[in-house]
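Below: one structure, written as structure tokens.
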Amino acid sequence: MNGPHDLGGRMGFGPVRPEKDEPVFHADWERRAMAVTSGMDSTGEWTLDMSRHANERIPPARYLSMSYYEIWIAGLADLMTSAGLVTPEELASGRMMVPAKKVRGKLLARDLADVLAKGDPVTRDTAKPPRYAQGDKVRTRNMHPQGHTRLPLYLRGHVGEITRLHGTHVFPDSNAHGKGEDPHPLYTVSFSASEVWGKAAHPQDTISADLWEPYLEPA
Amino acid sequence: MPHDHDHDHDHDEGSALSPIALRVKALESLLTEKGYIDPEALDAIVETYETKIGPRNGAHVVARAWSDPAYKAWLLKDATAAIASLGYTGRQGEHMVAVENTPETHNLVVCTLCSCYPWTVLGLPPVWYKAPPYRSRAVIDPRGVLAEFGVTLPETTAISVWDSTAEIRYLVLPMRPQGTEGWSEEKLARIVTRDSMIGTGLPRAAA
Amino acid sequence: MNGPQDLGGQMGFGPVAPEKDEPIFHAPWEKKALALTLAMGATRQWNIDISRHARESLSPAQYLGSSYYEIWIAGLIKLMLAAGLVTEDEVSSGRMKVAAKKVAGKLLARDVAAVLAKGGPSSRAATTPRFKPGDRVRAKNMHPVTHTRLPRYLRGHVGEIVTLHGTHVFPDSNAHGQGENPQALYTVRFAARDIWGDARHPKDTVSADLWEAYLEPA
């Protein structure tokens, strides 16, 4: 979706403000927000792509006025209520009112180090050969889906070059909507900045993005 | 806080003024005190758009075009002059274009960048016309937007969206409904809705 | 600028919500917001393009989180501060603290009808147009950080000139005090599929009014 999260090339946000000696967290609630979100991911009730889509569906005025962890908490609330893990009343009161739903998993303290060390790879085995090879010219599709996609608006309709093949990866556009992993080859595609932004860009600058095969067509 | 020297007539709002209402009230006092504005001119502006300029101007134009083929031809060729001939000129209507609905083409007007709207014939725009949902969707999903307004067009009809990016202002000339043969201009004007001149509606059916 | 005003094709705002029997104004302050904005235009400290840019350069969160007339008031205050007509302190207190600046005009009640009926045409003496109806043109892929009326969703796409509107003030320079730079203005029609891809209806089109500087031959 062309939502508030799709910020590439958007203007009016003011200067980047690096913080001197920035702490890992800026408030206690941020620690809990990060940890609760990570912990709840272990229920297995949603995928990474579903949780990204929950965040980007927040109405633009709210999304753009929220801090990062505020967005996480709003997204988590959406995911948990959609999955039937909690009710809005429970969220408001902070008290259990209906019995817990049976979930697929739970993150235990003793497993944390292993879980973090293992990560959650998104590569998949497939016999399907990739359609493109390094050096191929491709054009990104001019597509504007209502659903989740990882093809940014600013790269659509532009010609770039395949610079790397990453193997086959879970396809977010499908996985975000509970339609399965539908793995596809993933490529790094490099674009000249002037192709993307016009003649005012520096002729030697490039932008590369990791794009799934369905985003691309031969150029 | 309201100011004691303020002679505004907002008593009915009492002390419950919202922050924005207070801010505007303070601005009016300040700008009056500094001599930049004439408070009576403010009242005259508001009165103009509340009572003098509104969609009935546009309905008059449409009804005339439906009744008089020569006027319709003029409207489609030089809308600014044809509309001015009925006495509708001025702000946000300096450069007018009329676009005609036909069985083949339905027109829809939007301003994605701000709120451009033909004030001289339609008055001030409604909130939805100025708000992000309409401005964002009219250009990418005009059929979805029309369906929400209860307008469903045949698949064979083309939709022509006009994004008012410059100072040209657009008026849709809707199709004259069947069953209105012999109607007076006045009677015709009554079935011309504001939305039918934006393109998000159709004229009221002839009853 | 690719700012919050550039909404064509953006998603997530929900359905259009027409209001039944919508009043012209929703609160008394909205009447004043409209009237103050129009009346202050008569001081001629700015033009319509400068005022549009004042609104679109509000922060995206503020712009998208504000109602229409709230945006107008925020824009008006920015313009008046920039022009030195008022100070921050005066705006918050509503009281004059420094003498008024001499301005080029003042809208009097007796002139309102004539001023509104006259409007402010943006057409200027004719220049020689580079394109003519029927020509295929490409909207430039440009991303100025300053004011422009070329929406982002049209950039890079090919359309057809359908109308030449004569010569009009160029907002991209006029919004920044760089002169009117009048040039040919065209209506350019694009196929919806060219702009948005194959998912759109094959017969649908989107037309926009674009200045010559936005276009190149296709």
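First the proteins, then the strands, lettered A, B, ... as listed; each starts at 1.
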Kindly say whether [Y] contributes a backbone atom to a donor-acceptor pair with the side chain of [X] at under 3.5 angstrom?
| X | Y | value |
| --- | --- | --- |
| B:Tyr49 | C:Ile24 | no |
| B:Thr165 | C:Leu150 | no |
| C:Lys32 | B:Lys25 | no |
| C:Lys106 | B:Gly35 | yes |
| B:Lys34 | C:Val98 | yes |
| C:His201 | B:Ala158 | no |

Counting only heavy atoms closer than 4.5 Å, note whether [X] contacts chain C via side chain, backbone, both or neither.
| X | answer |
| --- | --- |
| B:Thr156 | both |
| B:Tyr88 | neither |
| B:Asp43 | side chain |
| B:Thr48 | side chain |
| B:Ile168 | both |
| B:Val110 | neither |

**Request:** Report the residue from B:Ile159, B:Val139, B:Leu108 that forms a side-chain contact (heavy atoms from CB on, under 4.5 Å) with C:Asp204.
**Result:**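 Between C:Asp204 and the candidates, side-chain contact (heavy atoms from CB on, under 4.5 Å) is satisfied uniquely by B:Ile159.
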Quick one: which of [options] has the most heavy-atom pairs under 4.5 Å with chain C, could you say?
| options | answer |
| --- | --- |
| B:Asp141, B:Thr120, B:Val145 | B:Asp141 |
| B:Arg23, B:Glu104, B:His106 | B:Arg23 |
| B:Glu47, B:Arg137, B:Arg135 | B:Arg135 |

Counting heavy-atom pairs closer than 4.5 Å to chain B, which one of [options] comes out on top?
| options | result |
| --- | --- |
| C:Asp6, C:Leu76, C:Ile77, C:Ile71 | C:Ile77 |
| C:Arg189, C:His165, C:Lys118 | C:His165 |
| C:Gly166, C:Ala33, C:Gly120 | C:Gly120 |

**Prompt:** Would B:Glu50 and C:Lys31 satisfy salt bridge (charged side-chain N to carboxylate O under 4.0 Å, His left out), going step by step from the backbone distance to the final call?
**Reply:** CA-CA 9 Å; B:Glu50 281 196 317; C:Lys31 300 181 188 187; 3.3 Å; yes
Shortest non-hydrogen contact from [X] toward [Y]:
| X | Y | answer |
| --- | --- | --- |
| C:Ala39 | B:Leu42 | CB-CD2, 3.6 Å |
| B:Ala166 | C:Trp211 | CB-CH2, 3.2 Å |
| C:Phe13 | B:Ser136 | CD1-OG, 3.6 Å |
| B:Ser29 | C:Gly94 | CB-O, 3.9 Å |
| B:Pro133 | C:Pro15 | CB-O, 3.5 Å |

So with a 6.0 Å cut-off around [atom1] of [X], is the heavy-atom count from everything else above 12?
| X | atom1 | value |
| --- | --- | --- |
| B:Glu40 | CD | no |
| B:Lys72 | NZ | no |
| C:Glu19 | CD | yes |

Could you state the interatomic distance from [atom1] ([X]) to [atom2] ([Y]), rounded to the nearest 0.5 Å?
| X | Y | atom1 | atom2 | answer |
| --- | --- | --- | --- | --- |
| C:Ile48 | B:Cys116 | CD1 | SG | 7.0 Å |
| C:Gln10 | B:Ile140 | CD | CD1 | 9.0 Å |
| B:Glu94 | C:Ser122 | CD | OG | 7.0 Å |
| B:Leu17 | C:Trp29 | CG | CH2 | 12.0 Å |
| C:Glu56 | B:Cys114 | CD | SG | 8.0 Å |
| B:Leu113 | C:His147 | CG | NE2 | 8.0 Å |

Would you call [X] and [Y] a side-chain contact if the rule is heavy atoms closer than 4.5 Å?
| X | Y | value |
| --- | --- | --- |
| C:Thr43 | B:Ile37 | no |
| C:Leu107 | B:Ile45 | yes |
| B:Val127 | C:Tyr69 | no |
| B:Val46 | C:Phe25 | yes |
| B:Thr157 | C:Lys203 | no |
| C:Arg52 | B:Ser115 | no |
| C:Ile73 | B:Val24 | yes |
| C:Asp209 | B:Glu167 | no |

**Structural part of C:Pro171 lying under 4.5 Å from a heavy atom of chain B** =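 For C:Pro171, neither part sits under 4.5 Å from chain B.
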**Message:** Heavy-atom cut-off 4.5 Å, strictly under: side chain, backbone, both or neither for C:Tyr214 against chain B?
**Reply:**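 When you check distances to chain B, no heavy atom of C:Tyr214 falls under 4.5 Å.
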**Request:** Dump the intermediate steps for side chain to side chain contact (heavy atoms under 4.5 Å, CB included) on B:Trp119 and C:Leu116, then the final yes or no.
**Result:** CA-CA 10 Å; B:Trp119 288 15; C:Leu116 294 180; over 6 Å; no
**Request:** Under the side chain to side chain contact (heavy atoms under 4.5 Å, CB included) rule, what do B:Tyr36 and C:Gln45 come out as? Steps first, then yes or no, please.
**Result:** CA-CA 11 Å; B:Tyr36 297 133; C:Gln45 301 295 294; over 6 Å; no
**Request:** Give the intermediate values and the outcome of side chain to side chain contact (heavy atoms under 4.5 Å, CB included) for residues B:Trp128 and C:Glu22.
**Result:** CA-CA 10 Å; B:Trp128 61 261; C:Glu22 178 173 340; 4.1 Å; yes
**Request:** Could you go through the side chain to side chain contact (heavy atoms under 4.5 Å, CB included) check for C:Leu36 and B:Leu31 one step at a time?
**Result:** CA-CA 9 Å; C:Leu36 282 171; B:Leu31 299 176; 4.0 Å; yes
